[in-house]
Each structure stands twice: as structure tokens, then as C-alpha cells.
Number of protein chains: 2
Amino acid sequence: MDAVFRALADPTRRQLLDSLHARNGQTLNALCEEMAMTRQAVAKHLAILEEANLLTTLRRGREKEHYLNPVPINEIAERWIGKFERGRLTALSDLKKRLERED
Amino acid sequence: MDAVFRALADPTRRQLLDSLHARNGQTLNALCEEMAMTRQAVAKHLAILEEANLLTTLRRGREKEHYLNPVPINEIAERWIGKFERGRLTALSDLKKRLERED
DNA sequence: TTAATATGCAACCATTTGGTTGCATGTCAA
DNA sequence: TTGACATGCAACCAAATGGTTGCATATTAA
């Protein structure tokens, strides 16, 4: 899970996920065309995303296709973010208490 | 939004959010007791979380209370993660197409 | 078979990050 | 008022990060 958070921390990597969300299964060179950096830099970012299990790859001849894997993002949404969402009302209540203590 | 993702990337900072989720309004020294690092290091992490608007502070005398702000986490869940959640069925469909191409 | 294409690997570099220590400032309480 | 306590600020450091260049390898197509 830490790997997923760290992978999502970089805007380039989120852009890569966006690109794959728009068109899944793109090859490295295809993904490079939208990025303002070298192919090797993009490959490093893709490796980090793959390490976090955010995408899977399929070697097809000399090309390598990249497929989005939405499962880790869902896990984060459910197991981690959900906890804070449920805390919204609590937080508002805390704010109220805080303001009352101001008096 | 980039600041929120980067803030969430560090496990220490997620732990701080967890701690505030368990007990909101804690002071710097209180938060430090659970952390295996110096007070100054914790203060830096808290500054990053505050910069990302993930928490607000309230100076009370010589102490400073820290309050969780769940709004940015909700925004990420709704505007960014939701997009990929909705793509789950699409991704499965893509996988099916991919496997069909294997023949 | 050979040239072009797609990717992989490694060394290298600048900047950012996450931590430290040391000291300064402000506030409470005896 | 003065000492203890809570926080702020700044310099410094090692390691991680994000990028580059150069070259190697593997596959396709003429």
C-alpha cells in the first residue's frame, strides 16, 4: 500500500495512468509521445507503477503493452480513504467543540 | 491536488493523520510521543500536511492544536479515484479483448 | 541477412527529501 | 520575575528521486 501511495505521488505517473485510462494497452513508445521527457525516464515511471501493481504489462513481440490495474486504487479508496470520509461528521463536531472552547 | 498526493506519499504523515483521526486536536508534543523521531522532524511533516490543507491548526497559548481536515481526501476520492473505479468493468473488458488477441 | 525499430540496462548528475543538532522565541506558573 | 515548557527557525547531512546520455539486446521487415 505504501508503494501505491508513493507511485501516485508523482504527477507524471498520474498522467500515465490517465493516458492508459483513456486508451488501455498502450506501448512504451506510444506513452512517450505525450510526455516531455526521454523514453528511459518514462520507462522508469512505468516500472514504479508496475511495482505498485497499478499496471500489468504484456510482451507482444518486440513491443510491450501496458494495461491499467484499478484494484490497488480501489483498495486504497475502501480501506484508507473510506475511514476519513466516515469521519467527516466527527470532524465537524470537533470543530464545534473547538469553537465552544474559545469562549 | 498534487500537494495532497505528495503529502499522503509518506508513511509518517499518514500515521500522523491516523493519530489525529483517533484523537483530534492533539498538540505537537502529543503527536511526537508516538513517533520515533525528533520533534522538529514531526513539525516538518505537520507543515507539509497543513500546506496540503489536510489539517488546520489552532494556537492556544503556548500550545498548538492540530485538527484533521478530511475535505481534500474526499475531493481526491471523488474527482480522481472515482474515475478509475468506474473503469473497472472497462478494464476487465480490455483484458478479455487482450486474451482474445492471443489466439 | 541486415537495417530499422522497440525496449532494457547502467552510469552519472542535480535536486528534493527526511532527518539531525543547535539555538531563539514566546508563554505559563511558582 | 524567573525558570520550565512548547514551539519556531536555520544550517547541515545522507539518501532517495527524477532526469539524462550511451550502449546493448531482441525482434520485425525488406
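Nothing here was measured: the structure is a model prediction, and the numbers come from that model. Order of the sequence lines fixes the chain letters, A, B, ..., with proteins taken first and strands second; residue numbering starts at 1 for each chain.
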Nucleic acid contacts - residues 42-50 of chain B versus DNA chain C, non-hydrogen atoms under 4.0 Å: B:K44, B:H45

Option passing salt bridge (Lys or Arg N to Asp or Glu O under 4.0 Å) with B:E65 (candidates B:R60, B:R23, B:R59): B:R60

Most 5' of A:A41 and A:G61 on DNA chain D, judged by nearest nucleotide: A:A41

Rounded interatomic separation in angstrom, taking CD from B:Q15 and C1' from C:dG19: 15 Å

Separation of B:R39 CZ from B:N29 CG (nearest 0.5 Å): 7.0 Å

Whole-Å distance separating the CZ atom of B:R6 from the C1' atom of D:dG18: 13 Å

Donor-acceptor pair under 3.5 Å, B:Q40 side chain vs C:dG18 base: no

Heavy-atom closest pair, residues A:R6 and A:D2: NH1-OD2, 2.8 Å

Between D:dA16 (C1') and A:D10 (CG): distance, integer Å: 13 Å

Nearest-0.5 Å distance, CD of residue A:E50 to CG of residue A:L55: 6.0 Å

Per A:K64 side chain, nearest of listed nucleotides D:dG18, C:dG18, C:dT7: C:dT7

Pairwise distance CG(A:L68) to OG1(A:T56) - rounded to 0.5 angstrom: 8.5 Å

From B:I73 atom CD1 to B:N53 atom CG, the distance as rounded to the nearest 0.5 Å: 11.0 Å

Distance, rounded to the nearest Å, where B:L8 contributes CG and C:dG18 contributes P: 12 Å

Side chain of A:T12 (C-beta onward), nearest among D:dT7, D:dG18, D:dG19: D:dG19

Nearest-Å distance for atom pair CD/C1', residues B:E65 and D:dT7: 14 Å

N or O in side chain of B:N29 less than 4.0 angstrom from D:dT7 OP1/OP2: yes

Which atom of B:A3 lies closest to which atom of B:A52, heavy atoms considered: O-CB, 3.6 Å

C:dT5 base / A:R62 side chain donor-acceptor hit below 3.5 Å: yes

Which atom of A:Y67 lies closest to which atom of A:N24, heavy atoms considered: CA-OD1, 3.2 Å

Residue-phosphate contact under 4.0 Å: B:R13 side-chain N/O, C:dG18 OP1/OP2: yes

Spacing of B:D10 atom CG and B:I48 atom CD1 [to the nearest 0.5 Å]: 7.5 Å

d(CD, A:E63; C1', D:dT25) in whole Å: 16 Å

Residues from residues 31-39 of chain B lying under 4.0 Å of DNA chain C - heavy atoms: B:M37, B:T38

